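Right, one structure below, let's go through it.
Quick note on labels: first sequence line is chain A, next is B, and so on, each numbered from 1. Note that the structure is a prediction, hence the values are computed from the model and not measured.
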Amino acid sequence: MDYQFREIEAKWQKYWAENQTFKAELNTEKPKYYVLDMFPYPSGAGLHVGHPLGYIASDIFSRYKRLKGFNVLHPMGYDSFGLPAEQYAIQTGQHPAITTEANIATYRRQLDQIGFSFDWSREVRTSEPGYYKWTQWIFMQLFNSWYNLATDKAEDISTLIEKFNTSGTADVKAVCDEDVATFLPSDWANFTEEEKQKELLKYRLTYLKESTVNWCPALGTVLANDEVKEGFSERGGHPVEQKKMMQWSMRISAYAERLLQGLNTIDWPEPVKEMQRNWIGKSVGASVRFSLSPTLSKGEGANYAYQTADPLIWEVLKTNARANRSDQTPAETELWQSLRASKTGHKIRRQHPIGSYIADFICINKGLIIEVDGGYHNENQQNDSLRTEALNKLGFEVIRFTNEEVLADVTSVAQKIKHTLDQRSDKLPANSLSLGEGGGEAFIEVFTTRVDTIFGVSFIVLAPEHDLVAQLTTAAQQQEVADYIAKTKKKSELDRMADTKTVSGAFTGSFVINPVNGEKMPIWIADYVLAGYGTGAVMGVPSGDQRDWLFATHFNLPIVQISDAQQNIDVEADSTKEGKYINSGFINGSTYKEATTILHQWLEDNGVGKAKINYRMRDAIFGRQRYWGEPIPVYFKDSLPYLIKEEELPLMLPEIDKYLPTESGEPPLGRATDWTYENEYEYELSTMPGWAGSSWYWYRYMDAQNSSDFASKEAIAYWKDVDLYIGGSEHATGHLLYSRFWNKFLKDLGYVNEEEPFKKLINQGMIQGRSNFVYRLIDEEGRGTNTFVSYGLRKDYKTSALHVDVNIVENEVLNLAKFKTFRPEFANAEFILENGKYICGVEVEKMSKSKFNVVNPDVLIENYGADTLRMYEMFLGPLEQSKPWNTNGIEGVFKFLRKFWRLFHNENWAFHVEDNIPTKAEFKALHKIIKKVQDDIERFSFNTSVSSFMIAVNELTDLKCKNRQVLEDLVIVLSPYAPHICEELWSLLGNKNLSTAKYPTFNPAYLEENEFAYPISINGKMKMNLSLSLSLDEAQATEAVLGNIQVQGYLEGKTPKKIIFVKGKIVNIVV
RNA sequence: GCUCGGAUGGUGGAACUGGUAGACACGCAGGACUUAAAAUCCUGUGCCCUCAACAGGCGUGCGGGUUCGAUUCCCGCUCCGAGUACCA
């Protein structure tokens, strides 16, 4: 029988499914090998032709590894939560679960007919409660953890509470919010439960925080940075704006350094690692504090050291403070008597301006403010907590006493104050570098990677959004600054990015002092400084930074040369690190390295800065205002979040009437009725983002049915990590980074064993569309006619190009009959042909329905079979290379499989093999392919092995090989690529279980030759071939070559100067 | 701008550590079989000169270099693709 691919493929697919042929073994002595594909989102369009490419490669690899004796885990599942199903639900009212289910069925059918060796018993779906239970469970672990910098890992929150109990915040080194409080164990003990929870939330690895988010009004949800491309949503291309919202976040920044270092330990494509490095964005530099210089000169200079107030309202505050001092409440007067003149051992001031407030009492060097409540001064009537918060921000701790307390027992109040002051260190801890540190001086903090250029600073620039801008702007500059900020806001993200040439900015009217030389320099705002990076403030060094140079030139600010190596700084900035410093005070004459070291030390010693590492990576937003996602297992009590109990998992997604946000703007979950925790507390209404379910799924495959753990300890210990992960590079900074983050976290908590989840990563190239065009003739009035001109002749006519369905074009030749039925108006189409054919134009574009360039794998399988599709997809080119989809060569692969089939059959298509001893040539052909295929697969060069199969089959056909022994081995070697035909032939050969056969052992003896046709080249140019025995050494070979008549002819009597002989490779004669 | 890829016949691509450039396939041309077509099989196919063969010349984006020898290594450039972006 001829090659009947349809019957053969159906038969073996059924056989594999019924026998669970590819079920990974549980108890085995075999070494493990875990091959993972990026699981698909089951979209309504069905499997895209790009998907099978990676799946086929991983399937070949898995089947090959099984033949090599490995216990292979090769699972598949669905990332089934996501936006499209929800969009569809909004439009149709259809529950997303139903759409998802239907789509999965299509995917499964399509996957099955390609003949993948997946272990379907381990299938996962992220939208199944049995799966998302564990996604929620991991969320809970994150909520219950903090990142301890001392041990450099995540720990249970109880270890933090323990520290608070025993030593307060003193020896806590954590990755946490910036506004954490500093307190003593006694303070902690006095915190209410609410206050404790509020404080702990600032440390948890998943936390609730007001943050600026990418809000997409059209989608009604928040998007992660990597889901926004150039100001538009990646999905749907809707505009995205910045908005402040309370949001769940993941403290991925805690892992920045480990995520960066881990990249050096894994075998991933360099571009992906590079993208992750850029995303993490580590910069090594220094933070420097520039103290604010008082703007008022009349006598204020003397007060400078104690200047702690907002410079703009200093005058007002000072006057008010003076008035307050002469109009004290009885309690204040009473207390002042006990505190004044260092009676407590600490210097305390009363009615002292701080920021835009006046503190009742303050000890500046301890950073402590004492407030007596119930006062009747105007400025004290503000909400106390607001005031405390603002003062905390400035770096001050506030303790409060009521009037009654003070009047009742002033001595005990004074004692308490003294005790608190005694306990406090002189400065606030160095890690809280906020305004107010260092005794209360106001300053602007900048981050720089070139602290060595600090003597070249001639101005400071703040982002227009910087917190201090309003306070720093003087009355005279008020209008200019306000105008500039308004202008910046109007500019869209896109404009701001496109317009990097125009220099713009505004002077605030205020000044800072450069700590290294005491020089006074102006504070500007400009939109080239970004609020979201570093501190939102930069020091302007025009001689060393081109942007600063442009800014200085534009606004006539001084440009100071700071290195003897800097050149042409009147034309452009020179950022050289060479040379010795000049005009640079105490670093004059030193080199870049020396200067940096000296300055780091100097900054630290003088309390005005320190060496600092900055990361660009922000914490990941972890909430979407969407329905079709994992509910966050949290409820709110007194507006603080609490976890539900572990045994209450999974928190099921509630049924709702429609899938839109509520009228009041709440997320869709707000529509759920009777959906409260313990019939009392509101649940969190946002759901988890798309990446939640995919950030740990490879562990679920290890033990997919487990109901008591996300996977058993034993399964995790055996399978460890993914040995080979194949997928698209579009996940480089999303999925692949989040997965590494969760993996490290789970490892810190001891749930998993490996630091990195994916040992080797391969990116399959993107499959682009390949569109075909016809050229419609245009008449004099510019209207399209019904006549079409072939591609080669289109230049002679006036035509317009039209997309034509690629499925009615073969090798760029249009099928005229099918074209006439393609659209009704083409029924009477006429053609101007070349060589009797209509040739279509070709262009590579994105694959889309509107461009008629979508090729459905189902059609190819119907026409050629899965084995042909599998081999053809591999034959297209290197796996990692992007390429346009093109079916032009598929015939060749199909012919190859028929030819292969014919090797096992006689002229009458009857199965026929012979049991004789293989000839030398047959062995040679076989062992060549055995070696070639194993080498190719190990280096993921699947396209070249397809070529080699063709060569092998051509050779064996020429040799008329019918030898059972040879053909049997050939079947095994080909089976990972074309499993169906090989299974059939394997069983025709009388064998069973091809998938557990042993890959044949390569024997180099069969490839040994005793002669080699040496290429003889003269001066490097190949002239002829000469067959010589491989046993000849250099002298013998040289003699034989020079003795050859033909060689002598080429030499034309010249004497060779030198002869290069490389055994088995080449002979080169130099004349 | 920066970072990372890439550029080889009419097309997809091969040449793995510097050693016969163009494997394998598509397409094209010619032939066999056939009444004919399809299918199948055979032959040829980088370009140029030449009736043709022999022989020769030129050829891996461009310009240099290293080397007996470069698609491969080095320097400089052009173009294409991807990512990223005023990151201090």
Next on the checklist: Please name the nucleotide paired to B:C86 by Watson-Crick or G-U wobble geometry with both distances under 3.5 Å, or report none.
Outcome noted: none
Checklist entry - Closer to the 5' end of RNA chain B via nearest nucleotide, is it A:Pro271 or A:Gly892? => result A:Pro271
Next on the checklist: Expressed as a whole number of angstroms, how long is the span from A:Met1022:CE to B:G22:P?
Outcome noted: 8 Å
Next on the checklist: Closest approach to the side chain of A:Glu274, judged atom by atom: which nucleotide of B:G13, B:A88, B:C4 is it?
Outcome noted: B:C4
Item to check | A:Gln881 vs B:G6: side-chain N/O to OP1/OP2 distance below 4.0 Å | outcome: no
Checklist entry - Which part of the nucleic acid, if any, lies within contact of A:Lys1057, taking any heavy atom under 4.0 Å across all strands shown: a base, the sugar-phosphate backbone alone, or nothing? => result nothing
Checklist entry - In residues 947-957 of chain A, which ones come under 4.0 Å of RNA chain B, going by heavy atoms? => result A:Ser947, A:Met950, A:Ile951, A:Asn954
Checklist entry - So what does A:Phe875 hit on the nucleic acid, given a heavy-atom distance under 4.0 Å: a base, only sugar-phosphate, or nothing? => result base
Next on the checklist: Under 4.0 Å, heavy atoms only, any strand: does A:Glu891 hit a base, just the sugar-phosphate, or nothing?
Outcome noted: nothing
Checklist entry - Does B:G5 have a Watson-Crick or wobble mate here (both distances under 3.5 Å), and if so which one? => result B:C80
Item to check | Counter-base of B:U20, judged by Watson-Crick or G-U geometry with both distances under 3.5 Å | outcome: none
Checklist entry - Which part of the nucleic acid, if any, lies within reach of A:Lys932 when heavy atoms closer than 4.0 Å are counted: base, sugar-phosphate only, or nothing? => result base
Checklist entry - Under 4.0 Å between a Lys/Arg side-chain N and an Asp/Glu carboxylate O for A:Glu1009 and A:Lys924? => result yes
Checklist entry - Does the ring center of A:Phe940 lie less than 6.0 Å from the ring center of A:Phe61? => result yes
Checklist entry - Checking A:Lys1058 side chain against A:Val1070 main chain: does a donor-acceptor pair fall under 3.5 Å? => result no
Checklist entry - Touch check for A:Met275, heavy atoms < 4.0 angstrom, all strands: base, sugar-phosphate only, or nothing? => result sugar-phosphate
Checklist entry - What nucleic acid atoms does A:Asp935 come within less than 4.0 Å of, heavy atoms only: base, sugar-phosphate, or nothing? => result nothing
Next on the checklist: Just checking A:Phe5 against A:Phe894, ring centres under 6.0 Å apart?
Outcome noted: yes
Next on the checklist: Any base atoms under 4.0 Å from A:Pro269, or only sugar-phosphate, or nothing? Heavy atoms, all strands.
Outcome noted: nothing
Next on the checklist: Parallel, tilted or perpendicular: which one describes the rings of A:Tyr872 and A:Phe875, with boundaries at 30° and 60°?
Outcome noted: tilted
Next on the checklist: With a 4.0 Å cutoff (strictly under), does any side-chain N or O of A:Asn886 reach OP1 or OP2 of B:C26?
Outcome noted: no
Checklist entry - Donor-acceptor pair under 3.5 Å: do we get one between A:Asn1068's side chain and the base of B:C68? => result yes
Next on the checklist: Going by purine N1 to pyrimidine N3 plus the second Watson-Crick contact, or the G-U wobble pair, all under 3.5 Å, which nucleotide sits opposite B:G10?
Outcome noted: B:C26
Checklist entry - Choosing from B:G19, B:C24, B:U20, which nucleotide comes nearest the side chain of A:Lys1065? => result B:G19
Checklist outcome for this item: A:Lys895 has its side chain closest, among B:G19, B:U40, B:C87, to B:U40
Checklist entry - Between A:Tyr3 and A:Trp909, is the ring centre distance below 6.0 Å? => result no
Item to check | Pair partner, B:A55 [Watson-Crick or wobble, under 3.5 Å] | outcome: none
Checklist entry - For B:U60, which nucleotide in any strand shown is its Watson-Crick or wobble partner with both distances under 3.5 Å? => result none
Next on the checklist: On RNA chain B, compare the nucleotides closest to A:Ser283 and A:Tyr1050; which residue's is nearer the 5' end?
Outcome noted: A:Tyr1050
Item to check | Residue A:Met766 excluded, over 12 heavy atoms near CE under 6.0 Å | outcome: no
Checklist entry - Which is it for A:Lys928 and A:Glu955 under the salt bridge (Lys or Arg N to Asp or Glu O under 4.0 Å) test, yes or no, and what are the steps along the way? => result CA-CA 11 Å; A:Lys928 224 161 65 180; A:Glu955 280 173 358; 2.8 Å; yes
Next on the checklist: From the set B:U20, B:C68, B:A15, return the single nucleotide nearest to any side-chain atom of A:Arg939.
Outcome noted: B:A15
Next on the checklist: Counting only heavy atoms and a strict 4.0 angstrom limit, can you tell me which residues of residues 897-908 of chain A come near RNA chain B?
Outcome noted: A:Arg898
Next on the checklist: Surrounding CD of A:Glu270 (heavy atoms of other residues, nucleotides or ligands, distance under 6.0 Å), is the total greater than 12?
Outcome noted: yes
Checklist entry - Which nucleotide, in any strand shown, forms a Watson-Crick or G-U wobble pair with B:C73, with both distances under 3.5 Å? => result B:G65
Next on the checklist: Classify A:Asp545 by what it touches in the nucleic acid, base, sugar-phosphate, or nothing, heavy-atom distance under 4.0 Å.
Outcome noted: nothing
Item to check | Shortest side-chain distance from A:Leu876, nucleotide among B:C87, B:G12, B:A14 | outcome: B:G12
Next on the checklist: Regarding A:Arg277, tell me which of base, sugar-phosphate or nothing describes its non-hydrogen contacts under 4.0 Å with the strands shown.
Outcome noted: nothing
Next on the checklist: Closest approach to the side chain of A:Val1070, judged atom by atom: which nucleotide of B:A88, B:A14, B:C68 is it?
Outcome noted: B:C68
